[in-house]
Asker: 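Please find one structure pasted underneath; my questions will follow.
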Amino acid sequence: QLMGSWIQAEVIQSTLEVAGVALNLLLAVSFRRAWEAWQRERQELLRLRQVLVAGEAGTGLLPLEVAELRLVEEVDRARQFRRPLGLLIVESEPERDPPAGTRFEDLHDAVTRQLASASLVHDVPFRIDPRRVGLLLPERDWNSLYVDTEEIVGALRQAVFVDGGGREHPVTGYLRLSFGLGTYQGEAVGEIDLMRAAKDSLSVGRDLADIGETGVTAYAMPAAPIAAPRPLVADEAE
């Protein structure tokens, strides 16, 4: 340009060409980022759909992480509509060796299948750990909550498994089943711990089972608000 070899039109044309290339590069980078973000969201949605629809392979149980999200939602619904909400925990512990060719995992699977079969369509069965499963019981009045819980517990005590020879055996002959029931009706304000109530009920249920079988609803535990931790203060401040 200093030598006078460019004219104004060529300067403008070169500038437009450079700007066009830069714009194309910017659009390409933006599109690439948007496409990658869409692909990540799509994969996450596919994984979530697989979890929500299929649950745990062969059982229909949700993993604990998904069940905890549902628990928060159902607690909010119970608080809003003042409807009871129950959480049943089922624990299975080995008592004696199963028949030859049968694993304890097969017995636990029989319990989980029976739980999914005995629950209603709006109930939420889920896995807590290898020996404990849970069932969220929404959309009931108090009487139906207790009646349905006892019926589900009765069905679990009737669960059977098939040994290697094709013979059926009752699960309770080899596993000890313990139950805990936490309840909530929306009367408490603030955050409540329904899982803690069910676990406390489970501990009481184990003790009562040693002195005789008792209905699980007899030792149901109401959920209490989660207390905020007290700040640590010096003795002088106290």
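Numbers here are sequence positions counted from 1. Since the structure is predicted, the reported quantities are computational estimates derived from the model, not experimental observations.
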Asker: With distance as the sole test, does D200 use its side chain to make a donor-acceptor pair with the main-chain N or O of A197 at under 3.5 Å?
Answerer: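 Not confirmed, D200 side chain does not pair with A197 backbone.
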Asker: With sequence neighbours excluded, what pairs up with S117 under the side chain to side chain donor-acceptor pair (under 3.5 Å) test?
Answerer: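 Testing S117 for side chain to side chain donor-acceptor pair (under 3.5 Å), a comparison that skips the adjacent residues, returns none.
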Asker: Return the set of residues passing side-chain contact (heavy atoms from CB on, under 4.5 Å) with D163 (not counting sequence neighbours), or none when no residue passes.
Answerer: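 P99, T102, R167, H169.
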Asker: Identify, with sequence neighbours excluded, every residue that meets side chain to side chain donor-acceptor pair (under 3.5 Å) alongside Q114.
Answerer: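 Side chain to side chain donor-acceptor pair (under 3.5 Å) list for Q114, sorted by chain: empty.
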Asker: Quick one: side-chain contact (heavy atoms from CB on, under 4.5 Å) partners of V160, sequence neighbours excluded?
Answerer: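 If we apply the side-chain contact (heavy atoms from CB on, under 4.5 Å) test to V160, skipping adjacent residues, the hits are E168.
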Asker: At their closest point, which heavy atom of L145 faces which heavy atom of P84, and how far apart are they?
Answerer: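 So the two residues come closest at CD2-CB, 4.2 Å.
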Asker: Who passes side-chain contact (heavy atoms from CB on, under 4.5 Å) against R83, sequence neighbours left out?
Answerer: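 R83 satisfies side-chain contact (heavy atoms from CB on, under 4.5 Å) with F81, E139 only.
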Asker: For residues T217 and E150, determine if any side-chain heavy atom of one lies less than 4.5 Å from a side-chain heavy atom of the other.
Answerer: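 T217 vs E150: side chains touch.
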Asker: Show the nearest heavy-atom pair for residues A116 and S119, with the distance to one decimal.
Answerer: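 Reported closest heavy-atom pair: O-OG, 3.0 Å.
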Asker: With the threshold set at 4.0 Å, does a side-chain nitrogen-carboxylate oxygen contact exist between E73 and R77?
Answerer: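 Looking at E73 and R77, the cut-off is not met.
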Asker: Verify side-chain contact (heavy atoms from CB on, under 4.5 Å) between V75 and Y184, making sure each step is shown before the conclusion.
Answerer: CA-CA 8 Å; V75 167; Y184 177 63; 3.9 Å; yes
Asker: Would L137 and L135 count as a side-chain contact (heavy atoms from CB on, under 4.5 Å) here? Give the steps.
Answerer: CA-CA 6 Å; L137 303 159; L135 181 66; 3.5 Å; yes
Asker: Quick check: does any side chain N or O of R96 sit under 3.5 Å from a backbone N or O of G173, one acting as donor and the other as acceptor?
Answerer: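 Answer holds: yes.
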Asker: Is there side-chain contact between L88 and L136, with heavy atoms separated by less than 4.5 Å?
Answerer: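 Not in contact.
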Asker: Kindly give the heavy-atom pair with the smallest separation between A118 and I152, and that separation in Å.
Answerer: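 Heavy-atom minimum between the residues: O-CG1, 3.9 Å.
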Asker: Rounded to the nearest 0.5 Å, what separates atom CZ in R32 from atom CG in L27?
Answerer: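 Output value for this atom pair is 15.5 Å.
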Asker: Quick one: do L181 and W142 end up in the same hydrophobic cluster if we chain Ile, Leu, Val, Met, Phe, Trp and Tyr together by side-chain heavy atoms under 4.5 Å apart?
Answerer: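 Yes, because L181 and W142 connect within a single hydrophobic cluster, where side-chain heavy atoms sit under 4.5 Å apart.
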Asker: What's the separation between atom CE in M221 and atom CG in L202, rounded to the nearest 0.5 Å?
Answerer: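 That separation rounds to 10.5 Å.
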Asker: Is a side-chain N or O of S144 found less than 3.5 angstrom from the main chain of D141, in a donor-acceptor match?
Answerer: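 Looks like no, no N/O pair under 3.5 Å.
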Asker: Report the residues that fulfil side chain to side chain donor-acceptor pair (under 3.5 Å) with R70, sequence neighbours left out, ordered by chain and then residue number.
Answerer: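 Partners of R70 under the side chain to side chain donor-acceptor pair (under 3.5 Å) test: E74.
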Asker: Carefully, step by step, assess E68 and F126 under the rule side-chain contact (heavy atoms from CB on, under 4.5 Å).
Answerer: CA-CA 9 Å; E68 287 175 338; F126 60 95; over 6 Å; no
Asker: Here's a test for you: under side-chain contact (heavy atoms from CB on, under 4.5 Å), which of L62, V66, T112 qualifies with R127?
Answerer: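 Checked L62, V66, T112 against R127; only one passes side-chain contact (heavy atoms from CB on, under 4.5 Å): T112.
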Asker: Pick from V171, D106, L175: which one makes a side-chain contact (heavy atoms from CB on, under 4.5 Å) with F161?
Answerer: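 Going through V171, D106, L175 one by one, the side-chain contact (heavy atoms from CB on, under 4.5 Å) with F161 is satisfied by V171 alone.
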Asker: Assess the residue pair V133 and L61 against the criterion (side-chain contact (heavy atoms from CB on, under 4.5 Å)); give the C-alpha distance rounded to whole Å, side-chain angles, the decisive distance to 0.1 Å, and a yes or no.
Answerer: CA-CA 8 Å; V133 293; L61 301 185; 3.7 Å; yes
Asker: Is a side-chain donor or acceptor of S201 paired with a backbone partner of Y219 at a separation under 3.5 angstrom?
Answerer: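 Checked: pair present.
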Asker: Taking the six-membered ring where the residue is Trp, are the ring centres of W35 and F31 under 6.0 Å apart?
Answerer: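 No, the ring centres sit 6.0 Å or more apart.
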Asker: T183 and A220: which non-hydrogen atoms are nearest, and at how many Å?
Answerer: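 In this case the closest contact between T183 and A220 is CG2-CB, 4.2 Å.
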Asker: Specify the closest pair of heavy atoms between L87 and M195, including all atoms of both residues, with the distance to one decimal.
Answerer: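 Minimum heavy-atom separation between L87 and M195: CD2-CA, 3.7 Å.
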Asker: Looking at R140 and D123, is any side-chain nitrogen of the basic one under 4.0 Å from a carboxylate oxygen of the acidic one?
Answerer: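 Result for this pair is yes, salt bridge flagged.
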Asker: Heavy atoms only: give me the nearest L115-L156 pair and the separation to one decimal.
Answerer: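 Scanning both residues completely, I find the closest heavy atoms to be N-CD2, 3.5 Å.
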Asker: Check this for me, if you would: do R206 and E91 make a salt bridge, where the nitrogen-to-carboxylate-oxygen distance has to be below 4.0 angstrom?
Answerer: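 E91 and R206: salt-bridged.
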Asker: Given the rule in the side chain to side chain donor-acceptor pair (under 3.5 Å) test, do E93 and S178 qualify, once you have shown the distances and angles that lead to the verdict?
Answerer: CA-CA 8 Å; E93 299 176 304; S178 302; 4.6 Å; no
